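Single-structure report; data block below.
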Amino acid sequence: MTAKLIDGTAIAAQVRKETAEAVATLKKERGIVPGLATVLVGENPASKAYVSSKQRACEELGMTTIGQKLPTSATQEEVEGMVKSLNADPKIHGILVQLPLPKHLDEEKILGAVSLAKDVDGFHPLNIGRLSMKGREPMFVPCTPAGCIELLVRSGVEISGKEAVVLGRSNIVGLPVSMLLLHRNATITICHSRTADLPGVCRRADILIAAVGRAEMVKADWVKPGAAVIDVGINQVWVEHPADKEYTCAVTGETFVAHRRDQSEKGGRRKMGDYCTECDTAWLKGQEPPDSCAGCEPIALFRKYKLVGDVDFDDVSQVAGHLTPVPGGVGPMTIAMLMHNTYRGALHTFE
Ligand code: NDP
């Protein structure tokens, strides 16, 4: 391996330590304790896990946290009403609406209902708008993109004047990270599913950010020697073949034989893995899996997968100058930056 490893776990720990110290000072000098409210709609297990880890992080850093939960059947009015009551709560300085929301809800309207001053996720249209304009400052910057920049800066990677290629143009990662790189005077190319000659474009990059959701798509010959590569992707791939093995479903308690489905090239929990026969029946009919279906859970329950990024780590580490691992790269930074944003939300109350 020639690449220098960018240790996201260590850098995130440093950001959290700095935030905890700032929180303690704020409490001592101003009597203010930063507070984060999470809004969870429905029973999506991954969302539940994310929300609990954010709440745990708050507690560890000396902040308060309120966890609001609504059923999957919650109406648009109920969710917006909850957001508005949190907007009015002076003990809350940050509101995080956990995505994805159930399909019947208007995500854009709900995110737009979060007070600009408490938008710690940075997804309010005004914050995104300001991020996209020259000379304007958003109140908050989305956490994962901010984490990517922090990793580069704290690893001593020069951004100004460099050629940066961002693989992915999503609202939550690709687009905002491109804007942040632009603000730091990089020259940006944003790639997506229609980009011609993806490897050729990526090879131009001094800084390559991969946020595409395709397991190990970026290979060594896509990377300019010495480039800094930040791998945002989180993809689940199977490392074991538990075909014909008997399991007890931890949700239903029933015993069944798990069997293997074809691995799809698309990353993500919903497209690959082993499923209980009950759940598979629904899937094989080509239906959308219900969010709360017990059968969607065996991946988590049986833990027969490993997480990989969008970058082929072993391959790319032979040519890159800096490289983040998955897990232990961008992932830990997302929560660290959320904590930092919540602290900043509390600071705004007397700015
Ligand atoms: P999206 O699915 O919203 O966006 C993926 C982007 O990649 C799209 O712009 C899409 O192009 C592009 N793309 C997809 N397939 C290809 C392809 N074959 N060639 C070129 N471009 C392609 O994903 P997200 O931005 O939400 O997430 C990206 C990855 O980052 C995921 O693995 C996700 O799990 C991970 N992630 C990690 C976080 C963390 O904390 N570490 C936080 C958030 C996300 P088009 O626009 O044309 O469809």
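All ligand and atom numbering here is 1-based and tracks the order in the structure. Along the sequence shown, residues are numbered consecutively beginning with 1. As the structure is a prediction and not an experimental result, all values here were calculated from the model.
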Numbering the atoms of ligand 1 from 1, which are under 4.0 Å from a heavy atom of [X]?
{"X": "Val173", "result": "25 (O), 43 (C), 44 (C)"}
{"X": "Val330", "result": "41 (N)"}
{"X": "Gly331", "result": "41 (N)"}
{"X": "Asn235", "result": "32 (O)"}
{"X": "Gly168", "result": "6 (C), 7 (O), 9 (O)"}

Would [X] count as a contact of ligand 1 if the rule is a heavy atom under 4.0 Å away?
{"X": "Gly174", "result": "no"}
{"X": "Cys191", "result": "no"}
{"X": "Thr195", "result": "no"}

Using a 4.0 Å heavy-atom cut-off, which part of Thr334 comes near ligand 1: side chain, backbone, both, or neither?
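Within the 4.0 Å criterion, Thr334 contacts ligand 1 through side-chain atoms alone.
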
Under 4.0 Å between heavy atoms, the region of Asn171 that gets near ligand 1 turns out to be neither

Quick check on the 6.0 Å ring-centre criterion: do Phe140 and His348 meet it?
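Ring-ring flag for Phe140/His348: true, centres closer than 6.0 Å.
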
Taking atom CZ of Arg184 as the centre, does the number of heavy atoms from other residues, nucleotides or ligands within less than 6.0 Å exceed 12?
no

How about Arg136: does its CZ atom have over 12 heavy atoms from other parts shown lying under 6.0 Å from it?
no

For Arg214, is at least one N or O under 3.5 Å away from an N or O on ligand 1?
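Checking ligand 1 against Arg214, an N or O pair does fall under 3.5 Å apart.
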
Any donor-acceptor N/O pair, Asp121 side chain to Phe123 backbone, under 3.5 Å:
no

As a check for students: among Ser193, Gly213, Ser170, identify the option with a heavy atom nearest to atom 45 (P) of ligand 1.
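The nearest heavy atom belongs to Ser193.
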
Pick, from Val326, Val212, Leu198, Leu99, the option with the minimum heavy-atom distance to atom 14 (C) of ligand 1.
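Residue with the shortest heavy-atom distance to the ligand atom: Val212.
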
CH2/Trp222 to CG/Asp312 distance, rounded to the nearest 0.5 angstrom?
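Here the interatomic distance stands at 11.0 Å.
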
Would you call [X]-[Y] a salt bridge at under 4.0 Å N-O?
{"X": "Lys219", "Y": "Asp221", "value": "no"}
{"X": "Arg130", "Y": "Glu137", "value": "no"}
{"X": "Lys162", "Y": "Glu158", "value": "no"}
{"X": "Arg154", "Y": "Glu18", "value": "yes"}

